[in-house]
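One structure, pasted below without further comment.
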Amino acid sequence: QVRLVVSGGGSVQAGGSLRLSCAASGYSTRRNCMGWFRQAPGKERERVASIVNNGRPTYADSVNGRFTMSQDNAENTLYLQMNSLTPEDTAMYFCAARISSSIENYSCSLAKFYNYWGQGTQVTVSS
């Protein structure tokens, strides 16, 4: 059974930093995608960053240059380092994985193609 366990998050003032972790377990096949998403109240879930097949991460324009996604393959852990946080970054943050042998076309930038989700962790940035 695939599990994604998220830790980190919390409350910080604008300009501060936080690091999220996502420990993955319970799978033996290759991960097609790993991603971080967030959802603010009243808004749709949006991609923050994602990695395709252990390649280089890509970022949403809103976080590019401030957030860094990395992974420790030995520990099967995904990280999201968030710097220069602003109140607009306030949201519930989710870790997600696409683990599938399907031959369908997919995009690691879209939430609908992910089939495993960790529990959310709240990030609150005050001004």
Side-chain angles (χ1 to χ4, degrees):
Q1 181 179 358
V2 177
R3 291 190 67 201
L4 301 176
V5 179
V6 180
S7 59
S11 297
V12 294
Q13 290 190 327
S17 298
L18 286 171
R19 189 176 83 155
L20 307 182
S21 301
C22 173
S25 62
Y27 59 92
S28 58
T29 56
R30 188 178 64 178
R31 300 172 301 189
N32 309 116
C33 312
M34 292 295 295
W36 288 100
F37 291 79
R38 67 186 182 186
Q39 188 166 17
K43 295 186 177 181
E44 293 187 355
R45 188 169 297 189
E46 64 174 355
R47 182 189 74 105
V48 175
S50 58
I51 291 178
V52 180
N53 292 336
N54 292 324
R56 298 182 66 178
T58 60
Y59 302 91
D61 289 343
S62 59
V63 307
N64 198 22
R66 299 186 298 120
F67 290 13
T68 302
M69 180 181 183
S70 61
Q71 57 183 359
D72 183 334
N73 288 325
E75 297 294 330
N76 282 334
T77 301
L78 192 69
Y79 300 99
L80 184 68
Q81 177 66 42
M82 305 183 292
N83 298 328
S84 301
L85 286 160
T86 73
E88 288 68 37
D89 296 315
T90 295
M92 187 73 75
Y93 283 70
F94 299 88
C95 167
R98 172 183 171 88
I99 303 172
S100 175
S101 58
S102 170
I103 61 172
E104 69 168 349
N105 291 328
Y106 63 89
S107 169
C108 295
S109 297
L110 298 178
K112 68 179 183 178
F113 290 109
Y114 288 75
N115 52 351
Y116 295 100
W117 291 84
Q119 87 284 10
T121 187
Q122 180 68 37
V123 171
T124 302
V125 185
S126 58
S127 58

For a quick check under 3.5 Å, do Thr58 and Arg47 share a side-chain donor-acceptor pair by atom type?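 Thr58 vs Arg47: donor-acceptor pair found between side chains.
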
Will you find, in the side chains of Tyr114 and Arg98, an N or O donor that is under 3.5 Å from an N or O acceptor?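 Not at all, the side chains of Tyr114 and Arg98 share no donor-acceptor pair under 3.5 Å.
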
With side chain to side chain contact (heavy atoms under 4.5 Å, CB included) as the test, would you mind laying out the steps for Tyr79 and Arg19 before giving the verdict? CA-CA 7 Å; Tyr79 300 99; Arg19 189 176 83 155; 3.7 Å; yes

Using every non-hydrogen atom in the two residues, find where Tyr106 and Cys33 come nearest and quote the distance to one decimal.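 Nearest pair, atom of Tyr106 first, then Cys33: CE1-SG, 3.5 Å.
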
When rounded to the nearest 0.5 angstrom, what distance separates CD in Gln81 from OG in Ser17?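 Nearest 0.5 Å value for the CD-OG distance: 5.5 Å.
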
Less than 4.5 Å apart, any side-chain heavy atom of Ile51 and any of Gln71?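 Side chain of Ile51 against side chain of Gln71, heavy atoms only: contact under 4.5 Å found.
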
Rounded to the nearest 0.5 Å, what's the gap from CG on Leu80 to SG on Cys95? Could you check?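 Between Leu80 CG and Cys95 SG, I get 9.5 Å after rounding to 0.5 Å.
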
Using modelled atom types only, decide if a donor and an acceptor are shared between the side chain of Asn32 and the backbone of Ser100 within a distance under 3.5 Å.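 Answer holds: yes.
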
If you compare all heavy atoms of Asn105 against all heavy atoms of Phe113, which two are closest, and at what distance to 0.1 Å?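 Closest approach of Asn105 to Phe113: O-CE2, 3.4 Å.
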
Do Val12 and Tyr93 belong together in a cluster built from hydrophobic side chains that touch within less than 4.5 Å?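 Val12 and Tyr93: one cluster.
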
Distance-only donor-acceptor check, side chains Thr77 and Asp72, under 3.5 Å: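 Note: Thr77 and Asp72 side chains miss the donor-acceptor criterion.
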
Grab the two heavy atoms, one from Leu78 and one from Met34, that are nearest each other, plus how far apart they are.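 Heavy-atom minimum between the residues: CD2-CE, 3.8 Å.
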
Please tell me whether Val52 and Leu4 are part of a single hydrophobic cluster in this structure, the criterion being side-chain heavy atoms less than 4.5 Å apart.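 Per the 4.5 Å side-chain linkage, Val52 and Leu4 are not co-clustered.
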
Kindly say whether the aromatic ring centers of Trp36 and Phe67 come within a distance under 6.0 Å.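 Ring centroids of Trp36 and Phe67 are no less than 6.0 Å from each other.
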
Are Val63 and Val125 linked, directly or through other ILVMFWY residues, by side chains that come within less than 4.5 angstrom of each other?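 Yes, Val63 connects to Val125 through the hydrophobic network.
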
Applying the 4.5 Å side-chain criterion to the ILVMFWY set and letting contacts propagate, would Trp117 and Met92 be lumped into a single cluster?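 Yes, one cluster joins them.
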
Please find the pair of heavy atoms, one from Ser126 and one from Pro87, that lie closest to each other, and give the distance.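 For Ser126 versus Pro87, the nearest heavy atoms are C-CG, 4.4 Å.
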
Pairwise distance OG(Ser50) to OH(Tyr59) - rounded to 0.5 angstrom: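 That separation rounds to 9.5 Å.
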
For Ala91 against Gln122, the heavy-atom pair lying closest together: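 Smallest heavy-atom distance, with atoms named: O-NE2, 3.4 Å.
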
So, applying side-chain contact (heavy atoms from CB on, under 4.5 Å) with Ser11, which one of Thr124, Leu18, Thr90 is it?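 That would be Thr124; it is the only one of Thr124, Leu18, Thr90 passing the side-chain contact (heavy atoms from CB on, under 4.5 Å) with Ser11.
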
Is the terminal nitrogen or CZ of Arg38 (NZ for Lys, CZ for Arg) located under 6.0 angstrom from the six-membered ring centre of Phe94 and within 45° of that ring's axis?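 No, Arg38 and Phe94 do not form such a contact.
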
Look at the side chain of Gln119 and the backbone N and O of Val6, then say whether any donor-acceptor pair between them is shorter than 3.5 Å.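 Looks like yes, one N/O pair under 3.5 Å.
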
Working to the nearest 0.5 angstrom, can you tell me the gap between Arg66 CZ and Asp89 CG?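 Between Arg66 CZ and Asp89 CG, I get 4.0 Å after rounding to 0.5 Å.
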
Using 0.5 Å steps for rounding, measure from the CD atom of Glu75 to the OG atom of Ser21.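 Interatomic distance, Glu75 CD to Ser21 OG, rounded to 0.5 Å: 11.0 Å.
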
Met82 CE to Leu20 CG distance, which is reported to the nearest 0.5 Å: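 Nearest 0.5 Å value for the CE-CG distance: 4.0 Å.
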
Considering residues, nucleotides and ligands other than Gln1, do more than 12 of their heavy atoms fall under 6.0 Å from its CD?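 No.
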
